[in-house]
Amino acid sequence: MAAKNSFYLTTPIYYVNDAPHIGHAYTTVAGDVLTRWHRAKGEQVWFLTGTDEHGEKVMNAAEKNGVTPQAWCDRLVEEAWKPVWKDLNIANDDFIRTTEVRHESRVQRFLQGLKDAGHIYLAKYEGPYCIGCEEFKLPGDLEEGKCKVHGRPVETLSEENWFFKLSAFVPALIERYTKHPESCEPTSARNEVLSFLHGEVKDLSISRSTFNWGIPVPWDTEQVIYVWFDALLNYATAIGLGDEPGSEGAKKFEEFWPANVHLVGKDILRFHAVIWPAMLMAAGLPVPEKIFAHGWLLVGGEKMSKSKLTGIAPKDITDHFGVDAFRYYFLRAIPFGTDGSFSWEDMGARYTSELANDFGNLASRITAMIEKYSGGTVPAVAHDAGLAKALTDAVEVADKSMLALDFQGGIGAIMEFCKKVNGYVTEKEPWAIAKDESRTVELNEVLYNTIESVRALAVLLHPVMPATCEILWQSIGADTAIGAIADQRISGISTWGQLPEGSAVTKGAVLFPRLEEAK
RNA sequence: GGCGGGAUAGCUCAGUUUGGUAGAGCAAACGGCUCAUAAUCGUUGUGUCCCGGGUUCAAAUCCCGGUUCCGCUACCA
């Protein structure tokens, strides 16, 4: 595969039977931070998110609310989903909805292609069916022959469905995950996938005839395409899957496919690591480079859920801590890939310690000192070998970690540097030097080295906390002196001495005010 | 039932591959400093390393057995 300078990342498309909670936001923020990091590396980035709008559950939710499925989706997308991403400062390049024509037509074309190539066949699906649930049940859904949900006996029903020859791709999938372990991470997730593949994998029923909220099977319009088959394709339809050579869509697809990373929650790992690549293989397309399954956010030790009143809306948290603290906290506190416990206490502790005391306060003390001791302008460029080295190391570790989706490690390295700068200031005691007029040169050096370190911190933390770092960037005069923060490159951060002498520094409002006891 | 992962300081966790006096951050206590957001810097303490056996000069680490939590998978039907 030719080395390309593009980076294509997707979040799952979220199922619109309800409003987003912090679990959805966790995935999307992670995607946003990672894509912002790649943009800061100068890569051509495409970041896709969207909504999954077909299927029986959406149809039922709409019915219960007395509206058509389309109206239901339109309302949730416009009033709940898109606004939340806007509030969280998510810089997605596209937002796909599976009810859009661009998606539906490409899905149909893709499916027709698979059928023409012989990967689709008609067969009778027979199994236990619960009238109450109006769906076929799996053995695990049953208890003593009765539906667990309704506690009533199931009937054996059969339905003619179209099947995808999933089983035919098992050997190729096993080979893929064995030879390219990085294509499914973390390791625990890959092992689960492999263990599943080594079991008995059955062909997949990809159509339904019991309801009609979905994309019609092109050659059998009595049936609609199974919602997962439809949904997975969004990653490719959004960038022009199957379009005429030479068209805009085809160019985009050429540029960005295969996706570099599909971020998924661990509950939907198998769809992405088994079904999706098999679909692509069947179509003769390259498979995604990496499926990354992150963990769940736990509240009180349990997976968040609406029914247990643990479904927290992002706004509940951002109203108190602010958007940037939200973005920071989950990626900083939880190793990506393992479950993590959310608690107001822990978030409050980390906010105070790391954002207010370490980072925010460092910005306050240096801007205040430059105003007080240097007339509000950056003094002559100076150099401190210790800080410069620490910065170089921090950038190196942070970059390596972020690229590996180790957000905790990456942010940790940056914050370690921040602490080091605080230590430098305390040790040099600029306030003491300032009392001796013969030591002005020395004083200016300390001030310069500190503000220059803050310049680097602003760029390093920009992908994680864009709004706050932008404010900081302005307040140290960097915007005027060296250009927009968004144009700064990771590779250039550790070049010492960028903030020029004379830049205007103003001590603005504190970046992360101390908060009253959380909740 | 099978496979896999976890149980370590008040809290979150690292350390277990390659045995050698038990670690980090946060919280706590004490000291320094006063540029800063009652901030920051330094120092300090903290442990039946889930339980019971075994191997060894020496076990959080290796072996056997058990408890408990979690994930994947299967089956009972």
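Reminder, nothing fancy here: chain letters follow the sequence lines and each chain counts from 1. Everything quoted here is computed from the prediction, not taken from an experiment. When reading the values below, keep in mind they use all heavy atoms of this one structure, side chains included, and skip hydrogens, waters and symmetry mates.
Using atom P as the reference point in both B/G53 and B/A58, the two lie 16 Å apart (nearest Å). The P atoms of B/U46 and B/G23 are separated by 10 Å, rounded to the nearest whole Å. Rounded to the nearest Å, the gap between the C1' atom of B/C50 and that of B/A59 is 16 Å. Spacing between B/G47 and B/U56 at atom P, rounded to whole Å, works out to 30 Å. A gap of 13 Å separates the P atoms of B/G4 and B/C63, to the nearest Å. With C1' as the reference atom, B/U48 and B/A60 are 12 Å apart, rounded to whole Å. Using P as the reference atom, B/C76 and B/C69 are 26 Å apart when rounded to the nearest Å. Across B/C3 and B/A74, the matching C1' atoms stand 11 Å from one another, rounded to whole Å.
Under the Watson-Crick or G-U wobble criterion, with both distances below 3.5 Å, B/A77 is left unpaired in every strand shown. When both distances must be under 3.5 Å, the Watson-Crick or G-U wobble mate of B/G10 is B/C26. Searching all strands for a Watson-Crick or G-U wobble partner of B/C3 with both distances below 3.5 Å returns B/G71. B/U61 makes up no base pair with any nucleotide shown, lacking Watson-Crick or G-U wobble contacts both under 3.5 Å. Pair check for B/U40 finds B/G32; Watson-Crick or G-U wobble, both atom distances under 3.5 Å.
A/Y15 and A/T51 form no side-chain donor-acceptor contact under 3.5 Å, judged by distance and modelled atom types alone. Using modelled atom types and a 3.5 Å distance limit, the side chains of A/H462 and A/W473 yield no donor-acceptor pair. A/W496 and A/D384 form no side-chain donor-acceptor contact under 3.5 Å, judged by distance and modelled atom types alone. A/Y424 and A/N449 form a side-chain donor-acceptor contact under 3.5 Å, judged by distance and modelled atom types alone. Under the 3.5 Å distance criterion, with hydrogens and angles disregarded, a donor-acceptor pair is assigned to the side chains of A/D203 and A/Y121.
The CG-C1' distance, from A/D406 to B/C13, rounds to 14 Å in whole Å. As rounded to whole Å, 14 Å separates atom C1' of B/G10 from atom CD of A/E345. For the pair A/D346 CG and B/G25 P, the computed distance is 16 Å after rounding to whole Å. At whole-Å resolution of the value, CD in A/Q408 and C1' in B/G25 are 10 Å apart. At whole-Å resolution of the value, CD1 in A/I411 and C1' in B/C13 are 17 Å apart. Atom CE of A/M415 and atom C1' of B/A24 are 16 Å apart (whole Å). Rounded to a whole Å, the CG atom of A/N444 is 17 Å from the P atom of B/C35. Separating the CG atom of A/D358 from the P atom of B/C35 is a distance of 20 Å, rounded to the nearest angstrom.
The side chain of A/R365 sits closest to B/C35 out of B/C35, B/C72, B/A38. Taking every side-chain heavy atom of A/K419 into account, B/C26 is the closest of B/U40, B/C35, B/C26. Distances were taken from every side-chain heavy atom of A/V425 (C-beta onward) to each of B/U37, B/C35, B/G71; the shortest belongs to B/C35. Of the candidates B/U40, B/C35, B/U37, the closest approach to any side-chain atom of A/N422 belongs to B/U40. Closest to the side chain of A/A349, from the set B/U40, B/C26, B/C35, is B/C26.
A/L194 contributes atom CG, which lies 8.0 Å from atom SG of A/C184 (distance to the nearest 0.5 angstrom).
Contact annotation: the side chain of A/F321 never approaches that of A/R350 to less than 4.5 Å [non-hydrogen atoms, C-beta and beyond].
Residue order along RNA chain B, read from the 5' end via each residue's closest nucleotide, puts A/P430 first among A/E427 and A/P430. Residue whose closest nucleotide on RNA chain B sits further toward the 5' end, between A/E354 and A/L362: A/E354.
Across A/I275, A/L269, A/V274, A/I268, a single residue satisfies side-chain contact (heavy atoms from CB on, under 4.5 Å) together with A/H272, and that is A/I268.
Base contact: A/A356 has a heavy atom under 4.0 Å from a base atom. Heavy atoms of A/S188 sit nowhere under 4.0 angstrom from any nucleic acid atom. Among the atoms of the strands shown, base atoms are found under 4.0 Å from some heavy atom of A/G360. Among the atoms of the strands shown, none is found under 4.0 Å from any heavy atom of A/K420.
OP1 or OP2 of B/U40 sits under 4.0 Å from a side-chain N or O of A/N357. Side-chain nitrogen and oxygen atoms of A/K266 include none within less than 4.0 Å of the OP1 or OP2 phosphate oxygen of B/C72.
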Find every protein N or O atom lying less than 3.5 Å from an N or O atom of nucleotides 32-34 of chain B, and list the pairs.
{"unit_1": "B/C33", "atom_1": "O2'", "unit_2": "A/W431", "atom_2": "NE1", "d": "3.3"}

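With respect to the salt-bridge test (charged N to carboxylate O, under 4.0 angstrom), the residues A/R332 and A/E354 qualify. Between A/K400 and A/D406 there is no salt bridge, since no side-chain nitrogen of the basic residue lies less than 4.0 Å from a carboxylate oxygen of the acidic one.
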